[in-house]
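Have a look at the structure below before the remarks.
All values below were derived from every heavy atom in this structure, side-chain atoms included, with hydrogens, water molecules and symmetry-related copies excluded.
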Amino acid sequence: MSGLFAVYRAQFTHSLMYWFQYRVGLVFWFLIRLVEPMIYISVWGSIAKANGGQVDGLTPGDFAAYYIVLMVVNQMTFLGVISLWGERLRVGALTNYLLRPVNVIHRDLALLLANKVITLSFIVPGILLLVVLFQPTFSLTVLTFAGFLAALAVAFLIRFVLESAVGMGAFWITRMDAVDRLYIVILFFCSGRIAPLALLPDWMQAIANVLPFRWILAFPTELLLGRLSREAIMQGFLAQGLWLAFLLLCLPLIWRIGVKRYTGVGG
């Protein structure tokens with residue numbers, strides 16, 4: 001265990017230096033990411049005002065709060081692992097990692113954790129800007145914030161394991177571009193990004209409830225905003241735990257089967 005911790009520490013330090021090389025690109029990337037919540041807040045705020053000041057009980061301030069928190073959750077769980085695996089296997093780069101004593105998954109996790117540390121430095125100014133522009137309606141408590149941090153940590157792990165498992169489909173599929181786009185579309189509609197899930201048709205809510213995407217984005221967001229009952233919070237953590245356990249069982253199996261049929265070319 002101490003040896004694995006040393007590996008994580010070394011990879012984490014290396015990854016921090018790696019991300020610092022691209023700090024200007026990260027700034028532009030995050031500015032682009034700010035556009036999404038601005039658009040949704042403006043659109044839903046306008047709809048609410050035209051509808052007498054609310055949509056299904058949500059005011060413009062509520063929509064602003066929702067999309068600001070959703071932006072934070074999305075940024076802190078965003079990974080891009082599917083395309084990474086696709087490229088890694090397409091060019092044969094996995095061969096180099098197979099020769100190392102530590103599984104490449106640990107390398108990816110340390111790299112992404114370092115990215116989240118850098119991401120935090122951009123998120124805070126982004127939050128302040130959106131708060132000034134849109135005046136969200138927040139009602140936070142220490143208890144809900146603690147629950148949010150726990151839900152966010154589990155959401156990150158679910159998304160990491162899920163995208164790693166999907167990305168390993170590159171063992172069987174040469175090009176993962178279409179798979180990656182399909183994944184993004186499903187995530188977009190079933191995670192609460194296009195709209196709060198309570199505003200979607202019942203059939204879409206039913207689908208979202210059985211897929212992992214709701215528990216990655218919508219659940220931590222709604223938890224922090226205090227819009228969930230105690231029962232809904234317990235059900236949310238249970239769903240997160242079940243999905244994480246299931247994915248952790250699937251990932252090693254996919255890895256073992258995939259590596260057996262892997263033939264590295266290049267790299």
Side-chain angles (χ1 to χ4, degrees), residues 30 33 36-37 40 65-85 105-106 108-120 122-124 126-127 138 140-167 180 183-198 200 204-205 207-251:
F30 190 72
R33 289 281 176 171
E36 181 178 326
Y40 284 123
Y66 177 83
Y67 281 107
I68 291 172
V69 176
L70 185 70
M71 176 198 69
V72 175
V73 175
N74 189 43
Q75 296 305 319
M76 294 306 295
T77 60
F78 176 80
L79 303 172
V81 176
I82 297 175
S83 59
L84 177 63
W85 274 98
I105 295 175
H106 294 297
D108 289 347
L109 184 56
L111 178 70
L112 293 167
L113 287 173
N115 172 264
K116 299 313 164 190
V117 172
I118 302 298
T119 301
L120 277 173
F122 298 107
I123 282 181
V124 175
I127 293 173
F138 282 107
L140 304 179
T141 66
V142 174
L143 187 59
T144 56
F145 185 71
F148 165 75
L149 292 180
L152 181 64
V154 179
F156 171 82
L157 292 175
I158 292 173
R159 193 166 182 176
F160 173 73
V161 180
L162 174 62
E163 293 192 9
S164 296
V166 174
D180 193 16
Y183 173 89
I184 292 172
V185 169
I186 298 174
L187 173 69
F188 188 77
F189 282 97
C190 296
S191 66
R193 281 182 67 178
I194 190 172
L197 291 176
L200 297 181
M204 290 190 67
Q205 293 186 47
I207 294 174
N209 285 337
V210 299
L211 294 178
F213 307 107
R214 172 175 189 164
W215 316 112
I216 293 173
L217 294 184
F219 173 62
T221 300
E222 294 169 348
L223 176 58
L224 182 62
L225 295 175
R227 299 178 184 175
L228 299 176
S229 64
R230 180 173 297 182
E231 181 182 358
I233 292 173
M234 296 304 295
Q235 290 175 348
F237 278 116
L238 177 61
Q240 281 193 321
L242 290 174
W243 267 110
L244 182 58
F246 172 72
L247 291 168
L248 286 173
L249 288 174
C250 292
L251 185 64

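Between the CD1 atom of Ile82 and the CG atom of Asp180 there is a distance of 5.0 Å, given to the nearest 0.5 Å.
In this structure, Phe213 and Arg159 have side chains that are not in contact, with every pair of non-hydrogen atoms separated by 4.5 Å or more. Contact check for Phe160 versus Leu157: no side-chain heavy atoms found under the 4.5 Å cut-off. Within the 4.5 Å cutoff, the side chain of Thr141 has no heavy atoms near those of the Phe145 side chain. Between Thr221 and Tyr67, the closest side-chain pair of non-hydrogen atoms is not below 4.5 Å. The closest side-chain heavy-atom distance from Ile207 to Phe189 is not below 4.5 Å. Side-chain contact between Leu247 and Leu251 is absent, with no heavy-atom pair separated by less than 4.5 Å. Counting only heavy atoms from C-beta outward, the side chains of Leu120 and Met76 approach each other to under 4.5 Å. Contact annotation: the side chain of Val69 approaches that of Phe138 to within less than 4.5 Å [non-hydrogen atoms, C-beta and beyond].
In this structure, the ring-ring contact (aromatic ring centres under 6.0 Å, His included) partners of Phe246, at least two apart in sequence or on a different chain, are Trp243. With sequence neighbours excluded, no residue forms a side chain to side chain donor-acceptor pair (under 3.5 Å) with Gln205.
Side chains of Tyr183 and Glu163: a donor on one and an acceptor on the other come within 3.5 Å.
In summary, the aromatic rings of Phe219 and Phe237 are positioned with their centroids under 6.0 Å apart.
Of the possible polar contacts, none joining the Gln240 side chain to the Val154 backbone as a donor-acceptor pair under 3.5 Å is found. Within the 3.5 Å criterion, the main-chain N or O of Phe156 finds no donor-acceptor partner in the side chain of Lys116.
Residues Val73 and Ile216 come closest through the heavy atom pair CG1-O, 3.5 Å.
For the pair Arg193 and Tyr40, the cation-pi test (distance below 6.0 Å, angle within 45°) is failed.
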